[in-house]
Undergrad: 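Just dropping this structure here.
Here is the naming used below: chain letters follow the sequence lines, and residue numbers restart at 1 for every chain. Predicted model only: the values in this text are computed from it and were never measured.
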Amino acid sequence: MMANGMDTVVQQNGGSNLGQSSQEESKTNLIVNYLPQTMTQEEIRSLFSSIGEVESCKLIRDKVTGLNSQSLGYGFVNYHRPEDAEKAINTLNGLRLQNKTIKVSYARPSSEAIKGANLYVSGLPKNMTQQDLESLFNPYGRIITSRILCDNITVRQFTTGGGDNLPGLSKGVGFIRFDQRVEAERAIQELNGTIPKGSTEPITVKFANNPSNNSKAIPPLAAYLTPQATRRFGGPIHHPTGRFRYSPLAGDLLTNSMLPGNAMNGSGWCIFVYNLAPETEENVLWQLFGPFGAVQSVKVIRDLQTNKCKGFGFVTMTNYEEAVVAIQSLNGYTLGNRVLQVSFKTNKSKAA
DNA sequence: CGACGGGACGC
DNA sequence: CGACGGGACGC
């Protein structure tokens with residue numbers, strides 16, 4: 001993990017806009033990156049409200065290139081209390097939602113000086129690690145993110161992740177985002193064309209393209225309607241053991257025998273989760289169901305007196321197919337020392 | 001063994 | 001040689 005760079009900020013004052021030197025960063029305002037494309041602002045609010053009272057929440061959408069105002073994949077969440085913001089970072093950073101791993105960190109004060117601070121680096125030796133890359137650029141400023149592109153498609157860490165063992169071969173290309181544009185400029189001046197220690201080839205360091213004005217800007221509307229795209233994500237951390245696993249053929253069995261009935265409520269499918277531990281919090285449900293698809297909301301049912309979980313909760317997912325896969329995968333899953341029972345919600349209530 | 005919130009449409 | 005990401009500062 002990366003320590004929050006509380007020092008290292010040498011204000012060069014090249015900006016033009018507003019004062020607010022970057023000393024005093026907000027302790028309540030977070031930036032959330034790498035959000036799944038389909039996640040709405042309200043779903044983000046729901047997710048972060050599970051930590052504490054949210055003062056404001058904004059998902060950034062593309063309104064310039066027109067289209068259906070696409071999510072730009074990031075947003076801001078401001079809490080009332082600093083301790084909730086800190087807890088959100090601790091519990092939600094790295095959460096897997098659909099095919100993404102979200103990043104939660106403190107937002108920096110907005111200013112012109114932090115824009116356009118992203119660098120594209122090529123010609124890196126293939127054996128250079130992300131840590132090596134950061135070491136190379138560290139002298140020139142505070143690094144916000146770094147990344148080395150690899151061939152295989154596996155989940156990567158954002159910052160010095162330590163044990164990244166997967167065999168993906170480096171493409172010799174990477175990105176470094178600095179805190180300040182002036183830092184990026186200086187890194188270009190100092191590093192472009194230089195030969196890293198132990199290498200023979202000079203590297204290229206330049207500003208990265210702006211992701212907005214490129215060709216993929218017009219996704220065929222149909223892309224959002226193709227139902228199958230989510231099939232390949234099986235829920236990476238879940239390995240239900242043999243006796244609980246459903247065969248793929250059991251799909252019909254489930255849809256026929258456990259008709260969701262009133263599980264569909266408005267715009268989603270409500271799932272009942274039973275046998276949760278008393279200490280269970282909402283983030284556990286997000287972790288469990290997030291990888292399977294769009295989750296709208298989660299709820300842990302608690303005893304009003306003790307505030308302990310009563311052993312069950314609810315999860316509402318947007319898409320039927322994803323809900324079915326989540327149920328098939330998580331029903332019988334052992335969480336802690338408990339075997340979960342997961343199904344569509346039924347009519348039962350203690351009143352009935 | 002145990003088991004399906006809760007707040008709340010609009011007229 | 002080129003290579004462009006998981007659209008990171010309020011779209």
Undergrad: Decide, for C:dC9, between syn and anti: a glycosidic angle within 90° of 0 counts as syn, anything else as anti.
TA: anti
Undergrad: Is there aromatic stacking of A:Tyr274 on B:dA3 here, judged by a ring-centre distance under 5.5 Å and a plane angle under 30°?
TA: yes
Undergrad: Measure CD1/A:Ile44 against P/C:dA8 and give the value in whole Å, please.
TA: 14 Å
Undergrad: Which is true for A:Phe312 with a 4.0 Å heavy-atom rule: it touches a base, it touches only sugar-phosphate, or it touches nothing?
TA: sugar-phosphate
Undergrad: Between C:dA3, C:dA8, C:dG10, which nucleotide has the shortest distance from any of its atoms to the side chain of A:Asn29?
TA: C:dG10
Undergrad: Give one of base, sugar-phosphate or nothing for A:Asp303, where a contact means two heavy atoms less than 4.0 Å apart.
TA: nothing
Undergrad: Per the atom types in the model, does the base of C:dG10 pair as donor or acceptor with the side chain of A:Asn78 at under 3.5 Å?
TA: no
Undergrad: OP1 or OP2 of C:dC11 sitting under 4.0 Å from any side-chain N/O of A:Lys58?
TA: yes
Undergrad: Name the orientation of the base relative to the sugar in C:dG7: syn if the glycosidic angle is within 90° of 0, else anti.
TA: syn
Undergrad: What's the verdict on ring pair (Phe, Tyr, Trp, His ring centres under 6.0 Å) for A:Phe76 and A:Phe48, showing C-alpha distance, side-chain angles and the deciding distance?
TA: CA-CA 11 Å; A:Phe76 297 88; A:Phe48 283 83; over 10 Å; no
Undergrad: Using whole Å, report how far CZ of A:Arg108 lies from P of C:dG10.
TA: 11 Å
Undergrad: Compare the aromatic ring of A:Phe175 with the six-membered base ring of C:dG5 and state whether they stack according to the 5.5 Å and 30° rule.
TA: yes
Undergrad: Nearest to the A:Ile114 side chain among C:dC4, C:dA8, C:dC9, which nucleotide is it?
TA: C:dC9
Undergrad: Just N and O in the side chain of A:Lys310: are any of them under 4.0 Å from OP1 or OP2 of B:dG6?
TA: no
Undergrad: Whether the A:Asn78 and A:Thr28 side chains hold a donor-acceptor pair (N or O, under 3.5 Å, no angle test) is what I'd like checked.
TA: yes
Undergrad: Rounded to whole Å, how long is the line connecting atom CD of A:Gln341 with atom P of B:dG2?
TA: 10 Å
Undergrad: For C:dG10, does either OP1 or OP2 sit under 4.0 Å from a side-chain N or O belonging to A:Lys115?
TA: yes
Undergrad: Of A:Thr204 and A:Ile31, whose nearest nucleotide on DNA chain C comes first from the 5' end?
TA: A:Thr204
Undergrad: Using a cut-off of less than 4.0 Å, is there contact between a side-chain N or O of A:Ser110 and OP1 or OP2 of C:dG10?
TA: yes
Undergrad: Taking CZ from A:Phe178 and C1' from C:dG5, how many angstroms apart are they, rounded to a whole number?
TA: 17 Å
Undergrad: Side chain of A:Ile60 only, please: which of C:dG10, C:dA3, C:dG5 is the nearest?
TA: C:dG10
Undergrad: Using whole Å, what does the distance between atom C1' of nucleotide B:dC4 and atom CD1 of A:Ile301 come to?
TA: 9 Å
Undergrad: Does the aromatic ring of A:Phe76 sit over the six-membered base ring of C:dG10, closer than 5.5 Å centre to centre and tilted less than 30°?
TA: yes
Undergrad: Please give, in whole Å, the distance from C:dC11 C1' to A:Gln37 CD?
TA: 14 Å
Undergrad: Please give me the minimum heavy-atom distance between A:Thr204 and A:Asn192, naming the atom from each residue.
TA: CA-OD1, 3.3 Å
Undergrad: Which heavy atom of A:Asn275 sits nearest to which heavy atom of A:Arg338, and what is that distance?
TA: OD1-NH1, 3.1 Å
Undergrad: Please tell me which of the listed nucleotides, C:dG5, B:dC4, C:dA3, lies nearest to the side chain of A:Asn118?
TA: C:dG5
Undergrad: Quick one: which of C:dC4, C:dC11, C:dA8 gets closest to the side chain of A:Lys171?
TA: C:dC4
Undergrad: Figure out the CG/C1' separation between A:Asn331 and B:dC4, and round it to whole Å.
TA: 14 Å
Undergrad: Could you tell me if the ring centre of A:Tyr74 sits under 6.0 Å from that of A:Tyr34?
TA: no
Undergrad: Select from A:Gly123 and A:Arg177 the residue whose nearest nucleotide in DNA chain C is closer to the 5' end of that strand.
TA: A:Gly123
Undergrad: How many Å lie between CD on A:Glu201 and C1' on C:dA3, as a whole number?
TA: 11 Å
Undergrad: Hey, can you tell me if A:Phe272 and A:Phe314 have their rings parallel, tilted or perpendicular (30° and 60° cut-offs)?
TA: tilted
Undergrad: Check every atom of C:dC4, C:dC9, B:dC4 against the side chain of A:Ala208 and return the nucleotide holding the closest atom.
TA: C:dC4
Undergrad: Between A:Glu185 and A:Phe207, does a side chain to side chain contact (heavy atoms under 4.5 Å, CB included) hold up when you go through it step by step?
TA: CA-CA 8 Å; A:Glu185 285 169 353; A:Phe207 285 111; 3.7 Å; yes
